[in-house]
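All chains are named by letter (A, B, ...) in the order of the sequence lines, taking the proteins before the strands, and each is independently numbered beginning at 1.
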Amino acid sequence: MALRLYNTLSQQVEEFSPAHDNLVRMYTCGPTVYDFAHIGNFRTFVFIDLLRRWLRISGFQLDHVMNITDVDDKIIRNASAQGKSLDEYTEIYTKAFLDDCAKLRLEAPEHRVAATKHINDMVAAIERLGAGEHTYASDGSVYFRISTFPQYGKLSHNDFSGNIAGARVDVDTYEKADARDFALWKAPKEGEPFWESPLGPGRPGWHIECSVMAIKYLGETLDIHAGGVDLIFPHHENEIAQSEALTGRPFSRFWVHSEFLLVEGQKMSKSLGNYFTLRDILEKHHYQPEVVRYLLASVPYRKQLNFTFDGLKSAATAIDRLRNFKLRLDTEQFPEGVNEQLSSRTTRACRAFHDGMHDDLNTAEALAAVFEYIRDVNSAMDSKEFRVGNVPGAVELLSLFDSVFDVLSPAPSSGTLLDSEVESLIAERTAAKKARNFQLADQIREQLLDRGIILEDTKSGVRWKRK
RNA sequence: GGCGCGGUAGCCAAGUGGUAAGGCCAAGGUCUGCAAAACCUUUACUCGUCGGUUCGAUUCCGACCCGCGCCUCCA
């Protein structure tokens with residue numbers, strides 16, 4: 001079975017492979033750094049991380065570019081309100097974004113590129129578009145003329161043909177020739193920052209950065225372009241228009257879009273005020289970042305995900321179950337030999353996991369394969385049917401799972417006890433238990449719990465874990 | 001209005017033309033000094049509604065109802 005992905009362009013699930021060699025050229029839309037990103041934003045970034053990881057597990061190499069939009073109207077407005085330069089202002093939120101990404105264990109893309117570092121490339125591209133008569137200037141700004149790109153609408157599956165023919169208006173009296181035309185280069189208003197250029201002073205429009213940086217780093221045709229569904233129109237539609245007008249080639253073979261995170265049935269967004277940042281959840285609500293990662297990863301990316309604290313709690317418990325299984329696997333003594341039936345059970349579980357992920361990143365199905373396996377193996381451990389020889393297979397399955405979901409190892413927490421300190425307290429408690437001094441034994445257990453250490457008495461001795 | 005996504009147990013959620021995965025929660029049980037972990041049992045005669053096709057539909061077709069989103073900045 002091969003990897004299949006839903007392609008917004010064709011509105012179908014298609015088998016994926018890169019156009020050239022084994023290398024996947026992928027571009028994904030990153031954040032606009034005007035504020036802290038919220039977990040709705042991170043749903044998409046977690047999805048992109050899953051996609052990255054699964055592509056590599058599927059045997060492909062990656063060349064992935066993610067942009068950081070560090071100039072736009074909101075940034076300019078907020079920076080000026082705080083009396084900061086653009087750079088001073090965006091540095092704060094760029095750093096916050098990268099910190100959050102690290103907490104959520106998002107792999108770094110091969111290239112992280114900032115819009116303001118590519119102004120010259122953008123100006124050059126706009127000039128080339130102008131030479132092809134795809135642009136016009138108006139009030140010091142430069143616009144893309146959509147009537148020069150007949151395929152406009154092919155991604156969002158909108159038909160604009162009627163619109164464009166009838167709506168032609170006088171360029172001199174209206175800013176834009178057509179309502180659908182969009183700015184490539186924006187003239188500065190009073191007091192706004194700008195770059196000097198042959199186009200006149202100004203700053204780039206939102207869409208041009210992605211086309212220019214994608215083509216610069218990855219070539220004229222990408223294998224995958226990804227982002228949230230709200231970018232389909234107009235952002236990605238406009239990227240296609242610019243890029244294909246520029247190169248005459250298809251801009252991206254696959255377009256994949258993740259659905260929204262909802263809160264109480266509505267889109268999580270800054271403007272509605274119904275949003276949580278990662279910081280909110282970690283600091284105010286005391287969840288581990290892995291819990292957020294798991295929750296966002298566990299619902300398949302094309303399904304809207306209603307965010308609730310019940311959902312977070314449920315994710316936390318599910319992670320505990322997975323970690324407990326790993327702990328048991330790592331610490332328990334098993335009888336010699338190998339149980340062939342369980343070996344083939346492991347093979348089946350691995351295949352089911354692969355099949356689920358290959359099926360348009362169906363994480364729910366992949367997870368089900370893992371949990372079913374864990375239940376069966378726990379049961380086999382209880383009945384002593386699980387043997388030493390079955391350990392490597394089980395470890396392999398867990399590591400396959402964790403190479404995608406990456407939630408098994410807890411984030412290191414500061415100010416806790418050293419392993420040796422824990423071990424010596426456990427020894428003390430074991431001695432107390434032997435002496436049937438259960439009061440002291442329980443006291444030590446409580447004391448450890450206060451320091452984030454959980455003890456479990458098993459037949460083969462005490463095992464412990466960090467909360 | 002156009003385009004798109006979705007409606008499956010208390011919650012999250014997979015899925016197939018042949019009679020409903022998985023996770024969480026809840027109840028009971030096994031184990032245990034207690035606790036934890038783990039396991040077992042119970043929990044949708046039913047998959048938004050109404051028709052149609054079929055031996056048989058949650059799964060195909062049609063109509064309708066409801067929720068969310070995009071069409072302006074937005075993951």
Student: Side chain of A:A318 only, please: which of B:rC12, B:rG23, B:rC34 is the nearest?
Tutor: B:rG23
Student: Decide yes or no, distance alone: a donor-acceptor N/O pair under 3.5 angstrom between the base of B:rC68 and the side-chain of A:Q304.
Tutor: yes
Student: Nearest to the side chain of A:D359, which nucleotide is it out of B:rG33, B:rG15, B:rG23?
Tutor: B:rG15
Student: Could you give the CZ-to-P distance, from A:R302 to B:rA14, as a whole number of Å?
Tutor: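 To the nearest whole Å, that distance equals 11 Å.
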Student: Looking at every non-hydrogen atom in both residues, tell me the closest pair between A:Y275 and A:S269 and how far apart they are.
Tutor: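 The answer is CD2-O, 3.6 Å.
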Student: For the pair A:R323 (side chain) and A:V407 (backbone), establish whether a donor and an acceptor sit closer than 3.5 Å, ignoring hydrogens and angles.
Tutor: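 Present.
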Student: Scan every strand shown for a Watson-Crick or G-U wobble partner of B:rA44, both distances under 3.5 Å, and answer none if you come up empty.
Tutor: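 Answer to the pairing question: none, since B:rA44 forms no Watson-Crick or G-U pair.
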Student: Between B:rA75 atom C1' and A:I48 atom CD1, what is the distance in whole Å?
Tutor: 8 Å
Student: Do A:R321 and B:rC24 share a donor-acceptor pair, side chain to base, under 3.5 Å?
Tutor: no
Student: For the C1' atoms, the ones on B:rG69 and on B:rA37, what distance do you get once it is rounded to whole angstrom?
Tutor: 43 Å
Student: Considering just the side-chain nitrogens and oxygens of A:N378, establish if one lies under 4.0 Å of OP1 or OP2 belonging to B:rC39.
Tutor: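 Yes, A:N378 has a side-chain N/O under 4.0 Å of OP1/OP2 on B:rC39.
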Student: Taking everything shown except A:K154 itself, do over 12 heavy atoms lie less than 6.0 Å from its NZ?
Tutor: yes
Student: Looking only at heavy atoms, which two atoms of A:A369 and A:F353 are closest? And how far apart?
Tutor: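 Minimum heavy-atom separation between A:A369 and A:F353: CB-N, 3.9 Å.
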Student: Decide yes or no, distance alone: a donor-acceptor N/O pair under 3.5 angstrom between the base of B:rG2 and the side-chain of A:D159.
Tutor: no
Student: Can you tell me the Watson-Crick or wobble partner of B:rU30, both distances under 3.5 angstrom?
Tutor: B:rA38
Student: Nearest to the side chain of A:T317 - B:rG69, B:rA75, B:rC24?
Tutor: B:rC24
Student: Classify the side chain of A:D457 and the base of B:rC34 as holding, or not holding, a donor-acceptor pair under 3.5 Å.
Tutor: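 Flag set: donor-acceptor pair detected.
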Student: When the distance from CG of A:L231 to C1' of B:rG69 is rounded to whole Å, what number comes out?
Tutor: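 One finds 13 Å between C1' of B:rG69 and CG of A:L231, rounded.
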Student: Pick the C1' atom in B:rA75 and in B:rG62, then give their distance to the nearest Å.
Tutor: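 The same atom, C1', in both gives a distance of 36 Å.
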Student: B:rC73 C1' sits how many Å from A:R77 CZ, rounded?
Tutor: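 Between C1' of B:rC73 and CZ of A:R77: 10 Å.
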Student: Between B:rC39, B:rG69, B:rC31, which nucleotide gets closest to the side-chain atoms of A:S379?
Tutor: B:rC39
Student: What nucleotide, of B:rA36, B:rA75, B:rG2, holds the atom closest to the side chain of A:E456?
Tutor: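 Taking heavy atoms from C-beta onward, the closest nucleotide is B:rA36.
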Student: Starting from the 5' end of RNA chain B, give me the residue, A:T32 or A:F325, whose nearest nucleotide shows up first.
Tutor: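 Residue closer to the 5' terminus by nearest nucleotide: A:F325.
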Student: Quote, to the nearest angstrom, the P distance that separates B:rG10 from B:rU46.
Tutor: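 B:rG10 and B:rU46 have their P atoms separated by 13 Å.
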Student: Does the side chain of A:N362 get closer than 4.0 angstrom to OP1 or OP2 of B:rG15 through an N or O atom?
Tutor: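 Yes, A:N362 has a side-chain N/O under 4.0 Å of OP1/OP2 on B:rG15.
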Student: What nucleotide among B:rC73, B:rG15, B:rC31 has an atom nearest to a side-chain atom of A:E365?
Tutor: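 Of all the options, the side chain of A:E365 is nearest to B:rG15.
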Student: Can you check the A:N324 CG to B:rA38 P distance for me, whole Å?
Tutor: 5 Å
Student: Could you please name the option among B:rC31, B:rA37, B:rC71 that lies closest to any side-chain atom of A:R463?
Tutor: B:rA37
Student: Both A:P234 and A:H157 contact RNA chain B. Taking the nearest nucleotide for each, which residue is further toward the 5' end?
Tutor: A:H157
Student: Applying the Watson-Crick and G-U wobble criteria at under 3.5 Å, what pairs with B:rA63? Answer none if nothing qualifies.
Tutor: B:rU49
Student: Is the distance between the ring centroids of A:F97 and A:Y93 under 6.0 Å?
Tutor: no
Student: Near A:Q333 CD, under 6.0 Å, is it more than 12 heavy atoms from other residues, nucleotides or ligands?
Tutor: no
Student: Tell me which nucleotide, if any, is Watson-Crick or G-U wobble paired with B:rG69 when both distances must be under 3.5 Å.
Tutor: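 Here B:rG69 is engaged in a pair, and the nucleotide opposite it is B:rC3.
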Student: Counting only side-chain heavy atoms from C-beta out, which of B:rG33, B:rA75, B:rC12 sits nearest to A:N41?
Tutor: B:rA75
Student: Has A:D181 got a side-chain atom pairing as donor or acceptor with A:D178's backbone, closer than 3.5 angstrom?
Tutor: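 Yes: the side chain of A:D181 pairs with the backbone of A:D178.
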Student: With rounding to the closest Å, how many angstrom separate the P atoms on B:rG7 and B:rU59?
Tutor: 12 Å
Student: Would you say a side-chain N or O of A:R323 is under 4.0 Å from OP1 or OP2 of B:rA38?
Tutor: no
Student: Please determine if a side-chain N or O atom of A:R375 lies less than 4.0 Å away from the OP1 or OP2 oxygen of B:rG22.
Tutor: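 The answer is yes; a side-chain N or O of A:R375 sits under 4.0 Å from OP1 or OP2.
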Student: In the structure shown, which nucleotide is the Watson-Crick or G-U wobble counterpart of B:rG10, with both distances under 3.5 Å?
Tutor: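 B:rG10 is paired, partner B:rC24.
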Student: If you check every side-chain atom of A:Q266, which of B:rC70, B:rG22, B:rG69 has the closest atom?
Tutor: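 Ranking B:rC70, B:rG22, B:rG69 by closest atom to the A:Q266 side chain puts B:rG69 first.
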Student: So does A:R328 reach the base of B:rA37 with its side chain, donor to acceptor, closer than 3.5 Å?
Tutor: no
Student: Would A:F438 count as stacking on B:rG33 if stacking means ring centres less than 5.5 angstrom apart and planes tilted under 30 degrees?
Tutor: yes
Student: In the strands shown, is B:rU54 matched to any nucleotide by a Watson-Crick or G-U wobble pair with both distances under 3.5 Å, and which?
Tutor: none
Student: A:E237 CD to B:rU72 P: how many Å, rounded?
Tutor: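 After rounding, the gap between these two atoms is 12 Å.
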Student: Considering only atom P, compute the distance from B:rC61 to B:rC5 and round it to an integer number of Å.
Tutor: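 Comparing P positions in B:rC61 and B:rC5 gives a spacing of 14 Å.
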Student: Could you check whether atom CZ of A:R77 has more than 12 heavy atoms from other residues, nucleotides or ligands sitting under 6.0 Å from it?
Tutor: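 Above 12, so yes.
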Student: Return no unless some side-chain N or O of A:K267 is found under 4.0 Å from OP1 or OP2 of B:rC70.
Tutor: yes
Student: Answer yes if the side chains of A:T116 and A:D70 hold a donor-acceptor pair under 3.5 Å, and no otherwise.
Tutor: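 A donor-acceptor contact under 3.5 Å links the two side chains.
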Student: Pick the C1' atom in B:rA9 and in B:rA14, then give their distance to the nearest Å.
Tutor: 14 Å
Student: Whether A:K303 contacts B:rA14 is assessed here as follows: a side-chain N or O lying under 4.0 Å from the phosphate OP1 or OP2. Is that the case?
Tutor: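 Affirmative; the distance criterion is met.
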